[in-house]
Amino acid sequence: MLRLTGLGHYVSQRYIREIGIDACVYIGRGVEPEGTSALDDESRVLFLDTVRRSNAACQAGDYGLAASLYTEALGLDPASHVLYSNRSAARLKMGMFALALQDAVRATELSPTWPKAYYRQGVALQCLGRYADALVAFSLGLAREPSNGQLLSGLIEATLKSPLRLNLEPTFQQLRAMKLDESPFVVVSVVGQELLGAGQYRASAHCLEAALAIGSCSLKLRGSVFSALSSAYWAMNSLDKAINYMQQDLVIFSAYR
């Protein structure tokens, strides 16, 4: 069975070098936390100033100071998913991958539909050498926002830095030739089916269900996902789900008879 472990330290250090300033690229532009409505005027001024200084520190590469200031800001507004995501980015750059993952997970809990938090999770998981879980995180983010190019690129890059590369690199080349490499449904479903073949049944099911959430107008493609999901849940001895997906696959198969 192919194991999605190993090479963790090498990939982690290399990946950190390659992502460069991207860890803080969303900080200082786009979504900016404004603080909870429960803050009084004085606390809000302090909160906004702390956020401003933390963002500046991150942009300047002082990630330790940035993380400390984000922690201070979270003391004023502990429900800010953006601050948890920003601190995750700073901790990622510091090599504190486990803590970066914790912050990314918390950001997702606070804002389950915010795709950036899933990207943070995917990067942290990859740096921890948890490739299957990283692929799931990127896929779940795409299920929330299929048009997010950063998540799609992250998924493909993480796949090609995992032990799945030997099998999937030729597949991705074929997808590029067919101009399907920018289809989130196709990419996520292909990754999910490869995880199934690698014996990573739980991760496979999560990715394949994310593909269904993304959606496809092709009944045949959906049928292949239903079939793979049936196999994944059967392997996990979750027979009710396996039979349910098998029935959905049979409905599509019957439509093409």
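Keep in mind that this is a model prediction, so the values were computed, not measured.
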### Query
Is there a side-chain contact (heavy atoms from CB on, under 4.5 Å) between V51 and N86 once you walk through the steps?
CA-CA 10 Å; V51 170; N86 288 358; 5.8 Å; no

### Query
Side-chain contact, heavy-atom cut-off 4.5 Å: Y118 with R144?
yes

### Nearest-0.5 Å distance, CG of residue L180 to OG1 of residue T171
12.0 Å

#### Entry: Heavy-atom side-chain contact between F138 and V191 under 4.5 Å
no

### Query
Are L76 and L110 connected in a single hydrophobic cluster, I mean Ile/Leu/Val/Met/Phe/Trp/Tyr linked by side-chain heavy atoms less than 4.5 Å apart?
yes

### Query
Heavy atoms, side chains only, cut-off 4.5 Å: are L135 and L164 in contact?
yes

### Message
Using the rule given for salt bridge (charged side-chain N to carboxylate O under 4.0 Å, His left out), can you reason through D49 versus R52, listing the C-alpha separation, both sets of side-chain angles and the distance that settles it, and then say yes or no?
### Response
CA-CA 5 Å; D49 179 64; R52 178 189 60 78; 2.7 Å; yes

### Task
Give a yes or no on whether the backbone of G192 and the side-chain of S204 come within a donor-acceptor separation of less than 3.5 Å.
yes

### Query
Is L208 reachable from I252 through a run of hydrophobic residues whose side-chain heavy atoms are each under 4.5 Å from the next?
yes

### Query
Which pair of heavy atoms, one from Y84 and one from P78, lies closest together, and at what distance?
CE1-O, 3.4 Å

### Task
List the steps and the verdict of side-chain contact (heavy atoms from CB on, under 4.5 Å) for Y245 and V225.
CA-CA 9 Å; Y245 282 121; V225 173; over 6 Å; no

### Task
Check step by step if side-chain contact (heavy atoms from CB on, under 4.5 Å) holds for V136 and L140.
CA-CA 6 Å; V136 169; L140 292 177; 3.8 Å; yes

### Query
Any chance the side chains of T108 and Q121 put a donor and an acceptor closer than 3.5 Å?
yes

### Query
In the single-linkage hydrophobic clustering (I, L, V, M, F, W, Y; side-chain heavy atoms under 4.5 Å), do L166 and F172 co-cluster?
no

### Message
Using 0.5 Å steps for rounding, measure from the NZ atom of K161 to the CD1 atom of I156.
### Response
13.0 Å

### Query
Rounded to the nearest 0.5 Å, what separation is found between the NZ atom of K241 and the CE atom of M236?
7.5 Å

### Task
Consider only side-chain heavy atoms of I, L, V, M, F, W and Y, link residues closer than 4.5 Å, and tell whether L219 and F185 are in one cluster.
yes

### Message
Walk me through whether S231 and L196 qualify under side-chain contact (heavy atoms from CB on, under 4.5 Å).
### Response
CA-CA 8 Å; S231 297; L196 175 63; 4.0 Å; yes

### Value rounded to 0.5 Å, distance of OG in S54 from CG in D62
11.5 Å

### Message
If we ignore hydrogens and angles and just use 3.5 Å, is the side chain of S224 paired with the main-chain N or O of L221 as donor and acceptor?
### Response
yes

### Task
Evaluate whether atom CD of E182 has more than 12 neighbouring non-hydrogen atoms of other residues, nucleotides or ligands under 6.0 angstrom away.
no

### Query
Does L212 share a hydrophobic cluster with M246, counting links as ILVMFWY side-chain heavy atoms below 4.5 Å and allowing steps through other members?
no

### Task
Answer yes or no: is there a side-chain heavy-atom contact under 4.5 Å between I243 and Y233?
no

### Query
Between the side chains of N148 and Y119, does any donor sit under 3.5 Å from an acceptor?
no

### Query
Is any side-chain heavy atom of K116 less than 4.5 Å from a side-chain heavy atom of L151?
no

### Message
If you compare all heavy atoms of L168 against all heavy atoms of E194, which two are closest, and at what distance to 0.1 Å?
### Response
CG-CG, 3.7 Å

### Summary
Tightest non-hydrogen contact, residues A98 and L128, listed as N-CD2, 4.0 Å

### Message
Pairing donors with acceptors under 3.5 angstrom, does anything connect the side chains of S85 and R120?
### Response
yes

### Nearest-0.5 Å distance, CG of residue L239 to CG of residue N244
12.5 Å

### Query
Got R53 and T50 here, is their nearest side-chain heavy-atom distance under 4.5 Å?
yes

### Task
Kindly give the heavy-atom pair with the smallest separation between A137 and L125, and that separation in Å.
CB-CD1, 4.1 Å

### Query
Got Q247 and V251 here, is their nearest side-chain heavy-atom distance under 4.5 Å?
no

### Query
So, T159 and R165: side-chain donor and acceptor under 3.5 Å apart, yes or no?
no

### Task
Kindly compute the distance separating CD (E72) from CG (L83), expressed to the nearest 0.5 Å.
11.5 Å

### Message
Less than 4.5 Å apart, side chain to side chain, heavy atoms only: is that true for Q248 and F253?
### Response
no

#### Entry: Nearest heavy-atom neighbours spanning C207 and L195
SG-CD1, 3.8 Å

### Query
Can you check whether G149's main-chain N or O pairs, donor with acceptor, with S153's side chain at less than 3.5 Å?
yes

### Nearest non-hydrogen partners of C58 and Y63, listed with the distance
O-CE2, 3.4 Å

